[in-house]
Protein chains: 2
Amino acid sequence: MATIYDIAAKAGVSAMTVSRVINNTGKISDKTRAKVRRVMEELNYVPNHVARSLVLQQSKLLFLLITDITNPFYTTIARGAEDAAKKHGYRLLFGNSDENVDKEKDYIDAILATRADGVLIAPTGDLSLSNLERLRLHNVPFVLLDREVPGVGSDVVLGDTKEGARKLVEHLKSRGHSAIALINGSPTISSARLRLEGYREALKLNDLPFDDRYVLEMAFEPRSDLSEIENWLDRMTPPPTAIVAGNNVLAVEVIRTLAERGNRVPEHMSVVGFDDLGPYSEIDPFLTVIAQQAYQFGYLGMQMLVERIQERGESPLPWRKVVLPADLIVRRSVADAT
Amino acid sequence: MATIYDIAAKAGVSAMTVSRVINNTGKISDKTRAKVRRVMEELNYVPNHVARSLVLQQSKLLFLLITDITNPFYTTIARGAEDAAKKHGYRLLFGNSDENVDKEKDYIDAILATRADGVLIAPTGDLSLSNLERLRLHNVPFVLLDREVPGVGSDVVLGDTKEGARKLVEHLKSRGHSAIALINGSPTISSARLRLEGYREALKLNDLPFDDRYVLEMAFEPRSDLSEIENWLDRMTPPPTAIVAGNNVLAVEVIRTLAERGNRVPEHMSVVGFDDLGPYSEIDPFLTVIAQQAYQFGYLGMQMLVERIQERGESPLPWRKVVLPADLIVRRSVADAT
DNA sequence: CTGTTAGCGCCTTCAG
DNA sequence: CTGAAGGCGCTAACAG
């Protein structure tokens, strides 16, 4: 590929002049500018961001690290983050940690080595602490998405989980349900903890009993083995009439497990969940959900990240915590209890 | 951040020795190696890929450019591509063109500027030609996914679209349907063209009539405006008893449109489609689909890309075209016609 | 086994 | 308005 020296030689100017034309800096006569531009076209010049990053000590590259690229919640976040990054003149790279701390660590290493200017990250859970500390140590700004990590101060974008749990339980109660179970993510994830807390508080608030056996805590990520859910369903006597799912993946897994046992939703069991399914929510049985504003997660998070990057050196703002509302979308996955 | 010179100074060796330790090249005495390693730890050294890329003239960075990051078909491709890239020691960056040639062009520019070693790309359509020519001009290897572009020679991973169309139509016929409509993507996309062709051929093969009005061609990407579909549904007299959707997005949109008019699937209308919905297929009404092997798309594509990169200089292999089978998944979105 | 030299492509600084 | 020198962090090539 052509370099600024190739351009300079052919245009009969110095490399500096070419650099100035490219970056629109300094004063250049219209004539030389035109000539340089023409040669650039002829030679199909493409600026080399690698060399540029090396000398400028910044890459104009931001990184978005999510935990599940097949989950519409996170991909919608990605769309938002992409738009925000572009607006601020940054390019955005995505990574997928797969809910796995080790993969997350690999990505963190790659991010550091690539000299990305900042990171927007949905941490895998509390164990992400050391990974985030690594970012901090090397002074790479980051913003957390959807999950907080105890011991880490940073900006963070969260959903109003407790409010969401309350709305779900109240909705179920209004439809006559009192035996409400919860299938939730691992307690090593802050959002799962909050969902459990919210569930318990909501039960209390609604004078409903809390029963340990009605709660299943398992990994968020999809797995082919549904026996854990099956055992749980068997264990619950009397069986609940409704189930709250801690996220969309779990909701789908519960519905699938129920289907395999011949239990249809909502005829035999009502199911509600956190996080929407993207476009696919519209398909029967119109799962009732708390839809987090995924796009806003990405957009606001990216905005804050850019601000952090730009404040470099100035006196820093205090850590901010954005809590987005939890919107209940009532669809048809809930029937009246008999 | 610390550089190899910082390490070298503190360890009392030269920068080259440090470089050798980092890359495990040359012969280094165990003693100096250990010492260097220790200092690296102390200083929290992170190699600078930017500097490395500049001198090595290769980034070990691959790019995956897909057209819709919220579509499970493409995100599953991403998972496959990621695994394959990692296996070969490459890092993978994702981009999302949103079915938009201009966004695609922006990404191509960014890819060139970043000096990525290769690109795995699902082109937006035939108009991607100029973008791909730009990659070719600069000698950046690429592999096409899911769509071919007339005028571009390259490796490509495709689904067996015609076979898929045939299977869908035959399945519908076996359930008694004879009035079968098609909602399809834009004819500027090779896969859409093949789907239409396959549909026509399958009708003929099954002695079913082809009717222009039974075919709607529209953009693949999701849009809030469903009136186009509504008009089409109105236009068809007599109405079909079954609809084939050209991809999962269109399938969802049709089902949604039908729902809005009070038509349920499959009671009032049978719907089948191309591309699975990821985990969400399992939710009622168990949409019957041709499930393309999305993961394999990503995995094989990445494998071929890496081969292309590694063959640099040697006599090149001819362009390869991998066609993956079209698997029909019969679920419950089809009822017997009355 | 280890060190020196030079240069990847670009931009900052300082001179004209 | 334009150019020359130097360096960002690293490694290939050549010496020792």
Side-chain angles (χ1 to χ4, degrees), chain A residues 1-37 39-40 43-61 109-117 138-140, chain B residues 1-37 39-40 43-61 109-117 138-140:
Chain A
M1 292 196 191
T3 73
I4 54 171
Y5 287 100
D6 300 328
I7 313 279
K10 191 155 184 189
V13 297
S14 77
M16 248 340 277
T17 302
V18 177
S19 173
R20 288 192 180 104
V21 170
I22 293 169
N23 298 294
N24 273 314
T25 54
K27 302 275 172 204
I28 305 277
S29 76
D30 287 349
K31 217 178 67 185
T32 48
R33 189 197 316 282
K35 185 166 48 178
V36 169
R37 287 254 165 79
V39 177
M40 276 170 43
L43 266 46
N44 287 300
Y45 175 73
V46 178
N48 187 330
H49 280 356
V50 177
R52 194 163 221 272
S53 298
L54 186 60
V55 45
L56 291 184
Q57 298 287 56
Q58 60 153 333
S59 58
K60 281 288 172 186
L61 250 164
D109 285 343
I111 289 165
L112 289 171
T114 313
R115 300 299 193 264
D117 291 344
H138 291 288
N139 225 3
V140 178
Chain B
M1 293 197 192
T3 72
I4 55 170
Y5 287 99
D6 301 328
I7 313 279
K10 192 153 183 192
V13 297
S14 77
M16 247 342 274
T17 302
V18 177
S19 171
R20 290 192 179 103
V21 170
I22 292 169
N23 298 292
N24 272 313
T25 55
K27 302 276 173 202
I28 305 278
S29 77
D30 288 351
K31 218 177 70 186
T32 47
R33 189 199 316 282
K35 187 165 47 179
V36 170
R37 286 253 166 80
V39 177
M40 275 171 43
L43 265 45
N44 288 299
Y45 175 72
V46 178
N48 187 330
H49 280 355
V50 177
R52 193 164 220 273
S53 300
L54 187 60
V55 47
L56 292 184
Q57 298 287 57
Q58 62 154 328
S59 58
K60 280 287 170 187
L61 252 165
D109 284 343
I111 289 166
L112 288 171
T114 314
R115 299 299 192 266
D117 291 344
H138 291 289
N139 224 2
V140 178

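The side-chain hydrogen bond (donor to acceptor under 3.5 Å, both in side chains) search around A/R52 returns A/N23, not counting sequence neighbours. Applying the side-chain hydrogen bond (donor to acceptor under 3.5 Å, both in side chains) test to B/N44 and every residue at least two apart in sequence or in another chain returns nothing. Under the side-chain contact (heavy atoms from CB on, under 4.5 Å) criterion, A/A113 pairs with B/V46, B/H49, sequence neighbours left out. Judged as a side-chain contact (heavy atoms from CB on, under 4.5 Å), and not counting sequence neighbours, the contacts of A/R33 are A/V21, A/N24, A/I28, A/D30, A/R37. Residues satisfying the side-chain hydrogen bond (donor to acceptor under 3.5 Å, both in side chains) criterion with A/T17, sequence neighbours excluded, are A/S14. By the side-chain contact (heavy atoms from CB on, under 4.5 Å) test, A/L43 is found to be paired with A/A2, A/D6, A/I7, A/K10, A/V39, residues two or more places apart in sequence or in another chain being considered. Applying the side-chain contact (heavy atoms from CB on, under 4.5 Å) criterion to B/A110, with sequence neighbours excluded, gives A/R91.
Distances from the side chain of B/V13 to the nucleotides D/dT11, C/dG3, C/dC11 place C/dG3 closest.
Here D/dC8 presents its P atom at 22 Å from NE2 of A/H49, a figure rounded to the nearest Å. When rounded to the nearest whole Å, the span between CD1 of A/I28 and P of D/dG3 equals 8 Å. Between B/K35 atom NZ and C/dT2 atom C1' the separation is 12 Å, expressed in whole Å. Atoms CD (A/Q57) and C1' (D/dG7) sit 10 Å apart, rounded to a whole Å. Taking atom CZ of residue A/R115 and atom P of nucleotide D/dC10, one finds them 7 Å apart after rounding to whole Å. Atom CG in A/D6 sits about 16 Å away from atom P in C/dG7, given to the nearest Å. Residue B/Y45 contributes atom OH, which lies 8 Å from atom C1' of D/dC10 at whole-angstrom precision. Rounded to an integer number of Å, the gap from A/R52 CZ to C/dC8 C1' is 17 Å.
Within the 4.0 Å cut-off from OP1 or OP2 of D/dT11, not a single side-chain nitrogen or oxygen of B/T25 is found. For A/S53 and C/dC10, the shortest distance from a side-chain N or O to OP1 or OP2 is not below 4.0 Å. When the side-chain nitrogen and oxygen atoms of B/N23 are compared with OP1 and OP2 of D/dT11, one or more of them lie within a distance under 4.0 Å.
With hydrogens and angles disregarded, no donor-acceptor distance shorter than 3.5 Å links the side chain of A/T114 to the backbone of A/A116.
Taking five base pairs at each end of the helix from C/dC1-D/dG16 to C/dG16-D/dC1, the local helix axes there meet at an angle of 40°, rounded to 10°.
Separation of atoms CZ (A/R115) and CG (A/L54) is listed at 9.5 Å; rounding is to 0.5 Å.
Of the residues in residues 15-22 of chain A, those lying under 4.0 Å from DNA chain D by heavy-atom distance are A/M16, A/T17, A/R20.
Using a 4.0 Å heavy-atom distance criterion, A/L54 is classed as a base contact. Across all strands, A/T32 comes closer than 4.0 Å only to sugar-phosphate atoms, never to a base (heavy-atom distances).
Between A/Y5 and B/S14, the residue anchored nearer the 5' end of DNA chain C, judged by the nucleotide with its closest heavy atom, is B/S14.
You'll find the side chain of A/I22 reaches within 4.5 Å of the side chain of A/Y45, heavy atoms only.
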